[in-house]
There are 2 protein chains.
Amino acid sequence: MSLEDLGGKGRRAKTERVTGKSGADAKPTLKTIAELTGLAVTTVSRALADAPQIALDTRQRVRQVAADIGYLPDRAAQRLRTGRTNVISLVLDPHEEILGYATSMINGLTEALRGTAYHLVITPHFSDTPQIEPVRHIMRNRMADGIVFTRTEPMDERVKLLMENNFPFICHGRTELATAHPYVDYDNYGFAYQAAKKLIAAGASKLLIILPPERFTFAHHLRHGFMTAVREEGVGFEIAKGVTLDSKSDDIRDYLFRRMGEPDRPDGYICGGEVSALAVMASAYDHKLELDKDVRLVAKQTSGLFDQIRPRAETIYEDLTEAGLLMGKLLLKRIGGPVPIQELQVLQTV
Amino acid sequence: MSLEDLGGKGRRAKTERVTGKSGADAKPTLKTIAELTGLAVTTVSRALADAPQIALDTRQRVRQVAADIGYLPDRAAQRLRTGRTNVISLVLDPHEEILGYATSMINGLTEALRGTAYHLVITPHFSDTPQIEPVRHIMRNRMADGIVFTRTEPMDERVKLLMENNFPFICHGRTELATAHPYVDYDNYGFAYQAAKKLIAAGASKLLIILPPERFTFAHHLRHGFMTAVREEGVGFEIAKGVTLDSKSDDIRDYLFRRMGEPDRPDGYICGGEVSALAVMASAYDHKLELDKDVRLVAKQTSGLFDQIRPRAETIYEDLTEAGLLMGKLLLKRIGGPVPIQELQVLQTV
DNA sequence: AGCCTCACCTATATCGTTACAAATTTTCCG
DNA sequence: CGGAAAATTTGTAACGATATAGGTGAGGCT
C-alpha cells in the first residue's frame, strides 16, 4: 500500500476533445461562453471588459453565464496577448529577513493586492550576485508589472535603472538621486533624534548608536538625527565600530559586552533593530547592569516582540505592515497609469 | 520639476515592427534565433530542448546564439502552450506569520527553487474565507504546478482534495487520513516528550504546556508527547485552558500571569513557540519569580532570537529553513513525475 | 536505376486572449 | 421608403512557444 506511486504525466486527462462541445468539467474559456450565448468570442471578451460598444443587456447576459460556469480568464493567455503579467515582484534581501521584517511587509503587500488580479512573487536576491541583477532581470524579461524592493542606497542603481526605463516600482527608503522617484520611507532621522532626546532626558550622558551598513541611505538618516540631537544637547556620543545592524547577533552582543565592560562605557543605547536591542539587553544583563538605571535603551520596534520582553525597554514603533500596504497601493496606482510623483512619496512619521 | 508625471500607457514602446527584422534591443524570441541561424522556429525550439533528433552541432550553434543575444523563453507563451506554470504557491496562514515562522520557510523554499525555472508566489489565505478556498482555486485554475501549505489538520480537507485530484503538493505537518501523502513535519511528539523530561529532571513537579489550537494535528502530537512523559514520571501537569499558541501574546501573558499568581502554580512550562515562551518569561519576571529556580521553561526555538534573551532559557530547536528547503526539493521532485510516496515523507527529528 | 531507411529538419495547428478592421443590424430622418 | 448614421457584433490575426505530423536528402541495398 505504501508502495503506490504518486502522480504521473497525464496532464489534461484526455478530455473528449472530439467535438467543440467541451465536457462540463473542462476548464471554461471564452469559447465556452461564446457557445453558450451564441455570441462570438470577441464579443464575449469585450463584454466582460465592459466595453461600451457592447449592448448593456448583452454584457449582463455574458457576465451571468460567466459567473454560472465559473469562468476565469487564463492568465497565461492574457499575459501573452497583452504583455501584462499581473505580477508584483518583491525582491528580498536575505539580510532583512531576520525577525519578520520581511513578513510584515509581505502581510501589508498581500493586503494591498487583495481583491486585485495581482499576485505577489518573492524574488530572492542571493548574496553572490550583484544587487541589481534580479531587478534588471525582472524588468528586461518583463517578469512583473511592478517591483518592490527595500534598503535603498544614496545612489541606488536599481532606482536609476528603473527610472530610466520608466518601469513601475516602489522602494522602501529614499535615495540622494537628483531625480524624484517613488518611495515609502520611515523617518529614521526623527527616530534617532527622538531616541537620543529621550535618553538624554532620562539622564544618559554618553550615547551609543548602532547603525546599519554605511551604504544604505537610512544609515545616514539615523546618524544625522543622532548627531543633531547629541550636538544640541552637548552630550558624549559614539557610533558602534565594526558592527552594524546587519552583523550576526552574536557579534553585536560580543561587541556590546566588550564595550560595556570598559570604564567609559556608554549609558544610553539606540538600536535601529530588534535583534541589536536584545543584544544590548543581553550584554547589560551579563554585566549585571540594570536597565533604566545603569544603562538606558531606546529600540526601534517593528513587531509585538518587545511587549513581552522584560525588563521593559523603551521603544519607538515603525509600522512595516503599513509600509507594505502603502507600497502595494502606490505601486498599483503607478501601474495603472501616470501619477504625479509627489503622490508616490510617503514618509512615515515617528 | 516635481510636477513631472511618471509612466504612461506606452507599453511596448512603438518598436519598429515594420519588417520581421527585429531591432537589436527588442526582446529576442525563438523567431529571432531562427532568423539568425537560418533554421526554422521549431528546430530552434527543439534544439534548445536538447532533443536528440537535432544534430549535435546544430544544438550547440543554437545554444550559442541564444546565449549571445540573451534569449530567455517567454513564460507566458510556454505556460499557455504547455499548461505548466513554473509557479509554486505558498499558501500562508496569517497566524503563522508571527516572528518569522513564514520567513524561515520562504528562505528555505527560495533556496530550493534557486536555479530552477520556478517562481515562488505567496498566496495569503484571509481568515474570512474557508481554509480550503485558496487551495481549490490554485488547483482548479492551474495557478501553480505545486502547492505548499502548513499547519495540517487530522482530516485535512486540503490534503484530501489535492490527493483526490493527484495534484502535486507538500504540506508542513501530518494528517490522520488513511491515504499516505507527502509531508515534511517536525517531531513534535519528541519535542514535548523531551521538554517534559528535561523539566522533570531539573526538578519541576507540576508542568504546564501551551498547545496550538486543537484542530491542528501537531497539537495532538505535542499533547501526546507531553502526556506520555508526565505519566511515565508521575508528575502533576496541566494544559493551558483558554489560550493557545495562536492567541494574542498579551492574552497568553495575562493567562500565565494569573496562573502563576495562584498557589498551585506550575513550576515547569513548555512552549511550542517563541512568543509564548517570552510570555512565560515576562510573567515570571512580573511575579519576581526566578527562572531555573522558581519556574523552569523549555521553549521551541525557530530563530536565533533566544540566543539574545536573558536569562537564558532552555530551548529545543526546530529548523524551519531546512523544512522549507526540504519541502521545495520534494515538491519539485514530485512535479517532475511519479515518486514513491515514502520518498516524499520526512520527519525532522528533535 | 529504383526503393528504402535513417538522420535531420520544417510546416501547421494550437493554447486563450485581445487589437484591429470590417461587417452586420438597428435607428433615425427627410 | 431609401439611405446615411449610429449601434452592435463579428472575423482575422496576432502574442511566443510547442506537439504532431510531415518533408527532405544522403546513403545503403538489390
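Labels below follow one simple rule: chain letters A, B, ... track the order of the sequence lines, proteins then strands, and each chain is numbered from 1. Computation of the quantities below employed the complete heavy-atom set of this structure, encompassing side-chain atoms and omitting hydrogens, waters and symmetry-equivalent molecules.
Side-chain N/O atoms of B:Thr42 include none lying less than 4.0 angstrom from OP1 or OP2 on C:dT10. Note on B:Thr82: every side-chain N or O is 4.0 Å or more away from OP1 and OP2 of D:dT18.
In this structure, the CZ atom of A:Arg75 is 14 Å from the C1' atom of C:dT17, given to the nearest Å. Going from atom CG of B:Asn86 over to atom P of C:dC15 covers 21 Å, rounded to whole Å. Whole-Å rounding puts the B:Ile33 CD1 to C:dC9 P distance at 15 Å. Straight-line distance from the CG atom of A:Leu30 to the P atom of D:dG11: 15 Å, rounded to whole Å. When rounded to the nearest whole Å, the span between CG of A:Leu80 and C1' of D:dC15 equals 4 Å. As rounded to whole Å, 14 Å separates atom C1' of C:dT24 from atom CG of A:Leu39. Residue B:Asp74 contributes atom CG, which lies 13 Å from atom C1' of C:dC15 at whole-angstrom precision. Per the geometry, CD belonging to B:Glu35 stands 14 Å off P belonging to C:dT10, to the nearest Å.
Residues B:Lys160 and B:Glu157 are not paired through a salt bridge, judged by the lack of any N-O separation under 4.0 Å between the basic side chain and the carboxylate.
Take A:Glu343 and apply the side chain to side chain donor-acceptor pair (under 3.5 Å) test, not counting sequence neighbours, and it matches A:Lys333. Every residue two or more places apart in sequence or in another chain that forms a ring pair (Phe, Tyr, Trp, His ring centres under 6.0 Å) with A:Phe149 is listed here: A:Phe169. Applying the side chain to side chain contact (heavy atoms under 4.5 Å, CB included) rule to B:Ala49 yields no partners; only residues at least two apart in sequence or on another chain are considered. With sequence neighbours excluded, the residues forming a side chain to side chain contact (heavy atoms under 4.5 Å, CB included) with A:Gln345 are A:Ala180, A:Tyr183, A:Ile341, listed by chain and number. A search for side chain to side chain contact (heavy atoms under 4.5 Å, CB included) contacts involving A:Asp57 returns A:Ala55, not counting sequence neighbours. Shown here are the side chain to side chain contact (heavy atoms under 4.5 Å, CB included) partners of B:Thr175, two or more places apart in sequence or in another chain: B:Thr152, B:Asp156, B:Val159, B:Leu177, B:His181.
Residue A:Ala77 is the one, among B:Arg81 and A:Ala77, whose nearest nucleotide of DNA chain D lies closer to the 5' end (criterion: closest heavy atom).
Looking at residues 44-61 of chain A, you'll see A:Gln53, A:Ile54, A:Ala55, A:Thr58 sit with a heavy atom under 4.0 Å from some atom of DNA chain D.
Comparing the axis of the opening five pairs of the helix from C:dA1-D:dT30 to C:dG30-D:dC1 with that of the closing five pairs yields an angle of 70°, rounded to 10°.
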When the side chains of residues 61-68 of chain A are checked against the rest of the protein, which donor-acceptor pairs come out under 3.5 Å, sequence neighbours left out?
| residue | atom | partner | partner atom | Å |
| --- | --- | --- | --- | --- |
| A:Arg61 | NH1 | A:Thr37 | O | 3.3 |
| A:Arg63 | NH2 | A:Asp50 | OD1 | 3.2 |
| A:Gln64 | NE2 | A:Asp68 | OD1 | 3.0 |

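Backbone-only contact: B:Thr29 has heavy atoms under 4.0 Å from sugar-phosphate atoms and none from a base.
With C:dT18, C:dT10, D:dG11 as the candidates, the nucleotide lying closest to the side chain of A:Ala40 is D:dG11.
To the nearest 0.5 Å, atoms NZ (B:Lys329) and CG (B:Leu344) are separated by 14.0 Å.
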